[in-house]
Amino acid sequence: YYGLGVPLRLDPRVNPTMSDIHFKQNAHANGIDIIGGSYQTNLRLDITGMPYVLRKDLTVGNGTSLTIAPGVIVKLANEIDILIYGAMIAKGTATSPITFTSIKDDAVDGVDSSNDGNVLPQKGSWGGIELNDSVNDQNTQLIHVRIKYGGNGYYSLGRPLYLDARAKPSFQSVEFVTGTNYPQDAVELMGGTYKSNIVLDHPYLPYVLRKDLTVVAGATLTISPGVVIKMADEIDITVEGGLVANGTATKRIVLTSVADDSIAGDTEGNASIAPKSGSWGGLDIQYATASRTLELRYMDFRYGGNGYY
């Protein structure tokens with residue numbers, strides 16, 4: 001042990017008052033270095049005017065919360081994740097959004113937090129934010145949040161925002177800065193087999209699915225009007241339980257390819273790559289002896305039908 005290695009380190013459980021603090025030519029982190037780790041008490045990040053720097057994974061335990069104030073900037077080192085099992089209260093404003101970005105993103109605040117000169121961040125530098133099935137749905141809110149340069153997946157999440165399909169957080173004005181995140185500028189759903197109800201109800205953000213999703217008998221998948229689900233190649237949705245997908249004439253539900261830029265934007269940031277007929281798999285509604293609700297209205301199926309696997 002030969003010193004902290006950073007000019008200012010902060011345990012996120014403490015909440016000092018700071019103002020007019022400047023960082024220049026410091027090793028490792030020009031900013032407030034947050035101590036990573038797993039926390040079972042409430043955390044607050046509410047200092048603005050200087051960036052927080054996170055260089056180790058941060059886990060918010062079940063029953064606890066991470067609260068982030070408007071205008072806060074959190075810069076993450078390569079492959080670093082934020083894992084939420086409790087609540088995440090990130091309520092920015094239109095004029096003071098909350099930003100999650102790379103430690104190398106000097107443009108966001110004019111601070112060279114990594115002290116490496118003009119080295120630009122790469123697409124998908126840090127890991128991502130994961131909202132697990134145990135999150136407090138009522139309290140978890142991401143409002144006026146900007147996400148840049150997330151999605152590194154070598155030793156980390158590999159997507160900028162990863163959502164357990166059972167979780168029901170509130171999203172409003174969440175911006176994935178186009179072309180900076182990998183592999184997509186969107187919320188990615190966790191695939192897998194689900195035994196409890198799933199509700200997909202965010203129509204302005206596309207959901208991306210990169211692993212097969214199965215809803216077993218006794219559970220119901222509900223998709224709200226206007227929702228767009230973009231699937232990677234060969235991906236299927238299998239419904240053994242209930243399915244309630246009732247769009248409207250003006251808010252149709254769309255199942256399409258992740259490469260389909262004609263709806264909900266250029267999700268993968270590669271406008272030159274067009275979707276092909278039969279890109280993703282399909283929606284498989286299977287027989288079940290138990291009673292269940294099956295309703296599909298005002299839906300569009302695009303680019304499905306891949307049958308290789």
Side-chain angles (χ1 to χ4, degrees), residues 1-93 96-116 121 125-131 135-136 139-150 152 156-157 160:
Y1 184 78
Y2 296 101
L4 283 178
V6 292
L8 178 59
R9 175 171 289 171
L10 179 67
D11 187 304
R13 292 169 293 189
V14 301
N15 190 29
T17 299
M18 296 187 188
S19 63
D20 201 18
I21 308 294
H22 300 272
F23 299 89
K24 185 177 181 180
Q25 295 295 319
N26 296 291
H28 301 122
N30 282 312
I32 303 170
D33 188 74
I34 305 170
I35 300 175
S38 182
Y39 290 92
Q40 298 297 326
T41 55
N42 294 336
L43 313 178
R44 289 191 64 89
L45 302 178
D46 58 6
I47 298 170
T48 59
M50 63 197 83
Y52 290 97
V53 174
L54 186 60
R55 297 185 300 126
K56 293 184 179 180
D57 292 347
L58 179 70
T59 300
V60 178
N62 195 350
T64 63
S65 63
L66 168 63
T67 301
I68 305 175
V72 163
I73 296 172
V74 182
K75 294 185 173 183
L76 298 96
N78 289 351
E79 303 175 357
I80 297 304
D81 297 325
I82 297 175
L83 309 174
I84 307 295
Y85 293 88
M88 184 175 189
I89 307 167
K91 297 169 68 175
T93 67
S96 296
I98 293 165
T99 303
F100 297 93
T101 188
S102 166
I103 192 174
K104 296 181 181 295
D105 184 4
D106 304 343
V108 70
D109 58 357
V111 177
D112 182 9
S113 295
S114 56
N115 196 33
D116 57 4
S125 294
W126 56 282
I129 300 169
E130 180 176 281
L131 303 177
V135 299
N136 185 312
N139 290 336
T140 298
Q141 303 174 64
L142 278 70
I143 300 172
H144 289 292
V145 169
R146 303 175 74 231
I147 299 176
K148 303 175 67 181
Y149 300 108
N152 188 303
S156 50
L157 284 176

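Numbers here are sequence positions counted from 1. Below, each value reflects all heavy atoms present in this structure, side chains not excepted, and no hydrogens, waters or symmetry copies. What you see is a predicted model, and the numbers here were worked out from it, not measured in a lab.
Between the Arg9 side chain and the Leu4 main chain, a donor and an acceptor come within less than 3.5 Å of each other. Remark: the backbone N or O of Asp106 is not paired with any side-chain donor or acceptor of Asp112 at under 3.5 angstrom. Formation of a donor-acceptor pair under 3.5 Å by the Thr64 side chain with backbone atoms of Gly61 is found in this model.
Closest heavy-atom contact between Arg55 and Ile80: O-CD1, 3.2 Å. Taking each heavy atom of Ile103 and Ala77 in turn, the nearest pair found is CG2-CA, 3.9 Å. Residues Val6 and Ala29 approach most closely at CG1-CB, 4.0 Å, considering heavy atoms. Between Leu54 and Gly36, the closest heavy-atom pair is CD1-CA, 4.2 Å. The minimum heavy-atom distance between Tyr52 and Ile47, with the atom names listed, is OH-N, 2.9 Å. For Ile147 against Pro160, the heavy-atom pair with the smallest separation is CG2-CB, 3.9 Å.
Taken to the nearest 0.5 Å, the CD atom of Gln25 stands 5.0 Å off from the CG atom of Asn115. Note that CD of Gln40 is 9.0 Å distant from OG1 of Thr59, once rounded to the nearest 0.5 Å. Within the model, atoms OG of Ser65 and CG of Asn136 stand 8.5 Å from one another, a figure rounded to the nearest 0.5 Å. Taking OG from Ser156 and CD1 from Ile82, the interatomic distance works out to 12.0 Å, rounded to the nearest 0.5 Å. The line from CD of Glu130 to CE of Met88 is 12.0 Å long, rounded to the nearest 0.5 Å.
When the salt bridge (Lys or Arg N to Asp or Glu O under 4.0 Å) test is applied to Asp105, the partners found at least two apart in sequence or on another chain are Lys148.
By the 4.5 Å heavy-atom criterion applied to side chains, Ile98 and His144 are not counted as neighbours. A 4.5 Å side-chain heavy-atom check between Met50 and Val111 finds every atom pair outside the cut-off. Within the 4.5 Å cutoff, the side chain of Phe23 has heavy atoms near those of the Ile32 side chain. Under the 4.5 Å side-chain criterion, counting only non-hydrogen atoms from C-beta, Val53 is in contact with Asp33. Looking at heavy atoms from C-beta onward, Asp11 lies in side-chain contact with Tyr39 at the 4.5 angstrom threshold. Counting only heavy atoms from C-beta outward, the side chains of Ile68 and Val145 never approach each other to under 4.5 Å. Side chains of Asn26 and Leu8 form no contact here, defined as non-hydrogen atoms less than 4.5 Å apart. Between Leu66 and Leu45, some side-chain heavy-atom pair lies under the 4.5 Å cut-off.
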Please evaluate residues Ile34 and Leu43 with respect to the criterion side chain to side chain contact (heavy atoms under 4.5 Å, CB included), reporting the C-alpha separation (whole Å), side-chain torsions for both, the decisive distance (0.1 Å), and the verdict.
CA-CA 11 Å; Ile34 305 170; Leu43 313 178; over 6 Å; no
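Annotation: side-chain hydrogen bond (donor to acceptor under 3.5 Å, both in side chains) contacts involving residues 66-87, sequence neighbours excluded, comprise Lys75-Asp109, Lys75-Ser113.
With no hydrogens or angles considered, no side-chain donor-acceptor pair links Asn152 and Ser125 at under 3.5 Å.
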